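What follows is a set of notes on a single structure, which appears directly below.
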Amino acid sequence: MSRQRATRTGALTRAFFEQPVVDLARALVGRQLVRRCGAGWITGRIVEVEAYGGEGVDPSAHSFRGPTPRCEVMFGPAGHAYVYATQGRCFCVNVTAQGDAGGKAVLLRAVEPRVGLELMRERRLLRLGDGPTRRELLAGKDHQLARGPGRLCVAFGIDRTLNTVDLTDGDGPLYLAAAEQDAAPRLAWSPRVGLNPTSASFDWCWRAFDRDSKAVSAAPGEHFRGRRGPSPRRCPARAG
DNA sequence: CTCACGATCAGCT
DNA sequence: GCTGATCGTGAGG
C-alpha cells in the first residue's frame, strides 16, 4: 500500500485518495495528519475514521440527497477537506474520496498527538471551563487531546476556513502524510458511532480504528440517547 | 417560520 | 454512567 511517492513534504498524492471510500478509510489509519501553524507544526497519527457512502447510498451522509452549499466539496475531486459545523459547537473534518462517484468521504474521528502537544493543549484549554475535562488535560492525559472528531478539530485548529483545502498540498495549511515506519496498525471494524441501532446502516461496519490506541473515541451506540447498540463483535472483523 | 439533529462539557448520581 | 444545555445548518410547512 506504500506505492505512493513521497513528495518533499511527505504529502500523500492524489492517487492515494482516489480509492473506493471504505478502502480509503482503511488506508488512512496510521497515516499522519499535519497542520501548519505559522512557523510551527502540529502532527498526529490517525487512529479512527468512518467511511460515508455518498449520494443515494448512505442515509447518514450529508451528501445523501445530492449537493448542497454545505457539502458541495464532497462532489469535487478526491483529497480535499470537507469541514462542517456539527450543530454549532464543534467542527468535523472529512477527506473526500473518488471524486467522480458522488459525495463519498472519510470522517477523521481521532488522532494520537505526536508534535505540538503544547499548542494542542493550549487550544483545548482555551475553550474549557473549570471542569473535569480541564483537570484531565492538566493531569497529562494527552491521548484525550484529539480523541473525538470535534476535539480533533480544536486541537489542530481546524475550522470552516479550511473547508475545501487540498490535502495533497504539502505547502498548504493541512495535509496528510505517510505513516511512521514502524506503524502497521492492528485494525478493527465496527458500526459507525452515533447511528440509531435500529437503522439499516447501523449494520455497515464502516468505522475503522486502531485496536491498540488509547486515543480511539466512543464505542458504537455510546452517543445514541437511551439505547445501547449491539456489541461491535457482531460485526465480522475484516482483514486489515 | 419551526423543528431536528451531533458532539461536547458540566454537573450530578 | 447518565442527563440537560448548547450551538449552526438543512429540511419541511
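Worth saying up front: this structure is predicted, and the values here are computed from it rather than measured. Reminder, nothing fancy here: chain letters follow the sequence lines and each chain counts from 1.
- When heavy atoms are screened at a 4.0 angstrom cut-off, Thr133(A) is found touching the sugar-phosphate backbone but no base atom.
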Less than 3.5 Å apart, which donor and acceptor atoms pair up between the side chains of residues 67-76 of chain A and the rest of the protein, not counting sequence neighbours?
{"residue": "Thr68(A)", "atom": "OG1", "partner": "Arg70(A)", "partner atom": "N", "Å": "3.4"}
{"residue": "Thr68(A)", "atom": "OG1", "partner": "Cys71(A)", "partner atom": "N", "Å": "3.4"}

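- Between the CZ atom of Arg151(A) and the P atom of dA10(B) there is a distance of 10 Å, rounded to whole Å.
- Put simply, CZ on Phe91(A) is 14 Å from C1' on dT8(B), counting in whole angstrom units.
- Protein atom CG of Asn94(A) is 13 Å distant from nucleotide atom C1' of dG6(B), rounded to whole Å.
- Side-chain N/O atoms of Arg124(A) include one lying less than 4.0 angstrom from OP1 or OP2 on dC9(B).
- At distances below 3.5 Å, not a single donor-acceptor pair connects side-chain atoms of Arg121(A) with backbone N or O atoms of Leu138(A).
- Note on Arg127(A): nothing from the nucleic acid sits closer than 4.0 angstrom, heavy atoms only.
- Residues Asp58(A) and Lys104(A) are not paired through a salt bridge, judged by the lack of any N-O separation under 4.0 Å between the basic side chain and the carboxylate.
- Distances shown here put every side-chain N or O of Arg160(A) at or beyond 4.0 Å from the OP1 or OP2 atom of dG8(C).
- Straight-line distance from the CZ atom of Arg70(A) to the P atom of dG6(B): 11 Å, rounded to whole Å.
- If you check dT9(C), dA7(B), dC9(B) against the side chain of Leu128(A), the one that comes closest is dC9(B).
- Following rounding to the nearest Å, Leu152(A) (CG) and dA7(B) (C1') show an atom-to-atom distance of 13 Å.
- Using modelled atom types, one finds a donor on one side chain and an acceptor on the other under 3.5 Å when comparing Ser217(A) with Arg109(A).
- When each of dG6(B), dT8(B), dA11(C) is scored by its nearest atom to the side-chain atoms of Thr86(A), the top-ranked nucleotide is dG6(B).
- Summarising the geometry, the separation between CZ on Phe64(A) and C1' on dA11(C) is reported as 14 Å, rounded to the nearest angstrom.
- The distance from atom CG of Leu138(A) to atom P of dC9(B) is 13 Å, rounded to the nearest whole Å.
- The side chain of Pro132(A) has dA10(B) as its nearest neighbour among dA7(B), dG10(C), dA10(B).
- In this structure, the side chain of Arg192(A) does not engage the main chain of Glu50(A) through any donor-acceptor pair within 3.5 Å.
- The phosphate of dA10(B) (OP1 or OP2) has no side-chain N or O of Arg134(A) nearer than 4.0 angstrom.
- In this structure, the CG atom of Asp130(A) is 12 Å from the C1' atom of dC9(B), given to the nearest Å.
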